[in-house]
Amino acid sequence: MSRSSTEFMGTPAGLFHWIPGEMIVIARLTRIPLDDALDTVAEQIRLQLNKLLVRYQLTVDHYGTAGRWSESPVMPPVRRRAFVFGLDRKQPLIALFFHARQLDTRDGDPLPAALSYIHANVAYFAQIGLHIISAMPNWLVTAAPLFYNDGGPVAPPRPAPALDLPDSANTLPGWHLQFAPQGLSLDARAAEDVVVVVLDTAHHADRIRSAATRPELRRNWLLQRLAEDMRLEDGSFVVEYDRYTLTNDVRTGHDADQLTRYYLMPDHGLFVSGIIRDLAPRARIRLVRALNDFGGSDLYTLFAILTDLEHELVSGTIRRLVINLSLTIMPDMRRLPYLWFQERQWPTAQLLGAQHALTSLEEGLRLLFESLQAHGALIVAAAGNDSTQAVQMDLPPRPPRVPARYASTLGVSSVNSHFMPSQFANAANLPTSEAGVATFGGDSPGLLDKNGLQDAVRGVFISPTFPTGETNYNGWADWSGTSFSTAMITALGAHLMAQGWSASNIITRLSVGQEQRSDIAFGTPPDLTSLLANMIYVQQRFGI
């Protein structure tokens, strides 16, 4: 490892799953409020919450009026404190962000206690007209030297193999992906009638255009195609870099040994976008910077972006929408009860109260994705890369992370080039669901494909050096993870939506696969039993 790389990789000082002291309350409204009335609604709800919480020496303040820690009280600018969604409902929903504070001198995070008292008094609030649907932490979002969360790619990207073909004046060599024939026809117009929104890390558009002119990257056909799409300024490829304010406190990542490390990964979103462009050549891609350069964010940014997309669908600005979420939220569902109720000293510890609390901790998030699905959006989400240790112990893969495990999304897991489950891959869905697929996503470092090369997805990478210090000579990187499998399924979903398929039909068709004959009377097993997923075949090759 070069000395310079020590600036970009490190070990987190602590493990968090939410931002301390920050909460989200989801409430039901009688009607959609006007924009200038949102602050009034937020203040009314805050006052009602505080009437209860003050009894327990707790209070909530409007988001952005407090800091995150005493040593450095600043936080990103807060432009909005409330987001309205569920516009398909007779009674829409509102998500309000607050800071929880203690009125006495107790140490520790006041958030769990504040949420617990709210959970225990939902009936009380309903009696005074405040219908709380969910109260949850501001969960971290990761693709995770202050806040850190599980998640991220399997390992840092590495230089791709240096292969070449004889020079040609009219063509550029490079890596390509293609769908194998499996009974699904691709759109004849290459999905040009579909908007694909990628929520991810991002380089500024100027940096991408500049990278395309660097001598060592001029022969990278995929980078040149993306740069040309940007120059057209017709919506073929757009980077929304600074539309949403991000926190820089959240970081994610693993090293090649699956140890927790963080490193700069602004290329992650460009890599994902390149995969989509390769497989859906004319889809209209919007890369929205939803994760910081370390691959982390929080629910504030996610709610801002997704509620804006719902409003675009309702207004008709977008007609056909596929959303690529190569990111994960919240802990593993099997770990959540232990994390939330650990050393618990506050109310609702009884079984029924615990069930209600655990549901409330994510119900608002589930409803957000359900609202987008109700307007016809296809949401494709990565299952996560948390299963290496489980697989090494001959245990089943871990379950999918949020949002992949929601019924409103299509969860995506990963297989390697031999079409076997990748060592790191989480299951694509839950045993009770049939909304999961798996496709090529590479495998753990050190494992090889049939050509003796690293078993990895190869995509566009423009940073001058890799996180582990190697120089970027040609703009191609090896990277593995369900993030990249997700991008391939997003591209396929765009092809099907362009042909008039609904989002629900796409999820069903891809998850069930070809009609299977079975002697089993109670159903048919998935193609990949350990991943609970149907297989979608994608092949990678080098050529022109």
Side-chain angles (χ1 to χ4, degrees), residues 153-154 177 179-184 272 275 279 322 324-328 332-334 369 378-388 390-391 394-444 455 457 480-493 495-496 503-518 520 522-540:
V154 179
L177 296 164
F179 294 110
Q182 52 198 77
L184 293 170
V272 165
I275 292 171
L279 291 170
V322 182
N324 185 97
L325 296 175
S326 293
L327 50 80
T328 58
D332 180 334
M333 64 178 297
R334 295 180 303 190
F369 289 103
L378 172 63
I379 306 167
V380 188
N385 311 314
D386 310 316
S387 295
T388 298
V391 170
D394 292 325
L395 297 173
R398 291 170 67 175
R401 301 277 290 278
V402 169
R405 65 177 170 87
Y406 291 151
S408 55
T409 69
L410 177 58
V412 183
S413 190
S414 170
V415 296
N416 58 30
S417 60
H418 304 284
F419 303 111
M420 298 297 292
S422 306
Q423 286 189 352
F424 54 78
N426 292 359
N429 60 20
L430 299 176
T432 56
S433 174
E434 292 184 352
V437 297
T439 194
F440 178 52
D443 216 325
S444 298
D455 202 330
V457 181
S480 298
T482 58
S483 288
F484 314 121
S485 305
T486 300
M488 298 174 198
I489 300 302
T490 290
L492 181 57
H495 276 282
L496 299 179
S504 59
N505 285 343
I506 292 171
I507 291 175
T508 300
R509 176 64 178 85
L510 295 185
S511 300
V512 174
Q514 296 282 14
E515 184 177 352
Q516 302 180 42
R517 297 177 63 108
S518 174
I520 302 175
F522 48 81
T524 57
D527 286 349
L528 295 164
T529 55
S530 64
L531 297 180
L532 298 175
N534 177 47
M535 178 92 76
I536 303 295
Y537 291 88
V538 173
Q539 298 171 329
Q540 182 173 249

Q) Got a second to check how far Leu325's CG is from Phe369's CZ, nearest 0.5 Å? A) 5.5 Å
**Q.** From CG (Asn324) to OG (Ser483), nearest 0.5 Å
**A.** 8.5 Å
Q | Asp443 and Ser422: CA distance, side-chain angles, deciding distance, side chain to side chain donor-acceptor pair (under 3.5 Å) verdict | A | CA-CA 5 Å; Asp443 216 325; Ser422 306; 4.6 Å; no
Q) Are any non-hydrogen side-chain atoms of Pro399 and Arg334 less than 4.5 angstrom apart? A) yes
Q) Considering all heavy atoms of both residues, which atom of Pro421 and which atom of Ser530 are nearest to each other, and what is their separation? A) CG-OG, 3.6 Å
Q: Check step by step if side-chain contact (heavy atoms from CB on, under 4.5 Å) holds for Thr439 and Leu492.
A: CA-CA 11 Å; Thr439 194; Leu492 181 57; over 6 Å; no
(Q) Please give me the minimum heavy-atom distance between Val437 and Ala533, naming the atom from each residue. (A) C-CB, 3.6 Å
Q.
Set out, in order, the CA-CA distance, both residues' side-chain angles and the distance that settles side-chain contact (heavy atoms from CB on, under 4.5 Å) for Asp455 and His418, then state yes or no.
A. CA-CA 9 Å; Asp455 202 330; His418 304 284; 3.9 Å; yes
Q. Nearest heavy-atom pair of Arg509 and Gly183: which atoms, and what distance?
A. NH2-O, 3.6 Å
Q: Can you measure from OG1 (Thr482) to CE (Met488) and round to the nearest 0.5 angstrom?
A: 11.0 Å
**Q.** Heavy-atom closest contact (Leu531 atom, Pro397 atom, distance)
**A.** CD2-CG, 4.0 Å
Q. Would a distance-only check, ignoring hydrogens and angles, find a side-chain to backbone donor-acceptor pair under 3.5 Å from Ser414 to Phe440?
A. no
Q) Do the rings of Phe179 and His495 sit parallel, tilted or perpendicular, given the 30° and 60° boundaries? A) perpendicular
Q) For Ser511 and Asn534, does a side-chain donor sit closer than 3.5 Å to a side-chain acceptor? A) no
Q.
Please give me the minimum heavy-atom distance between Leu430 and Pro400, naming the atom from each residue.
A. CD2-CD, 3.9 Å
**Q.** Approximate separation, where rounding is to 0.5 Å, of Leu496 CG and Ile507 CD1
**A.** 11.5 Å
**Q.** Polar side-chain atom of Thr409 near backbone of Pro403 as donor-acceptor pair, under 3.5 Å
**A.** yes
(Q) Name the residue from Asp386, Asp332, Asn385 that meets the side chain to side chain donor-acceptor pair (under 3.5 Å) definition with Arg401. (A) Asp386
Q. So do the side chains of Leu184 and Leu510 get within less than 4.5 Å of each other, counting heavy atoms only?
A. yes
Q | Considering all heavy atoms, the nearest Gly436-Ala428 contact | A | CA-CB, 3.8 Å
Q | CE-CE distance between Met420 and Met535, expressed to the nearest 0.5 angstrom | A | 8.0 Å
Q.
Looking at Ala427, is its backbone amide N or carbonyl O close enough to the side chain of Ser413 to form a donor-acceptor pair, meaning the two atoms are under 3.5 Å apart?
A. no
Q.
Can you tell me how far apart CG (Leu378) and OG1 (Thr490) are? Round to the nearest 0.5 Å.
A. 7.0 Å
